[in-house]
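Data first, discussion second: the structure below is written as structure tokens.
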Amino acid sequence: VVVGDSEANYSEMRCEKICFIEGIAKTMGKYFIEDGDQVYILEIGIGTNEFTDERLSEAEKVIKTFIIE
């Protein structure tokens with residue numbers, strides 16, 4: 001995945017049912033961007049429901065504007 005002008009690795013965990021003691025079913029996505037000695041982690045966390053894919057797509061548009069300066 002390209003984020004800004006950097007390559008990023010993307011990992012996603014999607015729970016269709018509650019996967020933690022507290023809360024609701026969640027979908028979590030993380031983008032890992034290496035830059036020299038540092039790794040930037042950008043994270044998305046939303047509830048899993050019929051709108052999840054649409055919301056992930058919208059959030060990804062925002063994430064992709066991230067630029068390391």
Margin query: Working note: Ile44 + Arg55, criterion side-chain contact (heavy atoms from CB on, under 4.5 Å); need CA distance, chi angles, decisive distance, verdict.
Written below: CA-CA 10 Å; Ile44 301 168; Arg55 289 180 180 152; over 6 Å; no
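- Every residue two or more places apart in sequence or in another chain that forms a ring-ring contact (aromatic ring centres under 6.0 Å, His included) with Tyr10 is listed here: Tyr31.
- Each salt bridge (Lys or Arg N to Asp or Glu O under 4.0 Å) pair with one or both residues in residues 57-69, not counting sequence neighbours, appears once here: Glu60-Lys64.
- Considering only residues two or more places apart in sequence or on other chains, Met13 meets the side-chain contact (heavy atoms from CB on, under 4.5 Å) condition with Cys15, Cys19, Phe20, Met28.
- Not counting sequence neighbours, the partners of Arg14 by the side-chain contact (heavy atoms from CB on, under 4.5 Å) test are Glu12, Glu16, Thr27, Thr48, Thr52, Asp53, Leu56.
- What you find for Val3 and Ala8 is that their closest heavy atoms are CG2-CB, 3.7 Å.
- Glu54 CD to Glu50 CD: the interatomic distance, rounded to the nearest 0.5 Å, is 10.0 Å.
- In this structure, the salt bridge (charged side-chain N to carboxylate O under 4.0 Å, His left out) partners of Glu43, at least two apart in sequence or on a different chain, are Lys30.
- Here Ile68 pairs with Ser6, Ile33, Asp35, Tyr40, Phe66 under the side-chain contact (heavy atoms from CB on, under 4.5 Å) rule; sequence neighbours left out.
- Phe32 belongs to a hydrophobic cluster whose other members, connected by ILVMFWY side-chain contacts under 4.5 Å either directly or through intermediates, are Val39, Ile41.
- With side-chain heavy atoms closer than 4.5 Å counting as contact, directly or through intermediates, Phe51 stands alone and belongs to no larger hydrophobic cluster.
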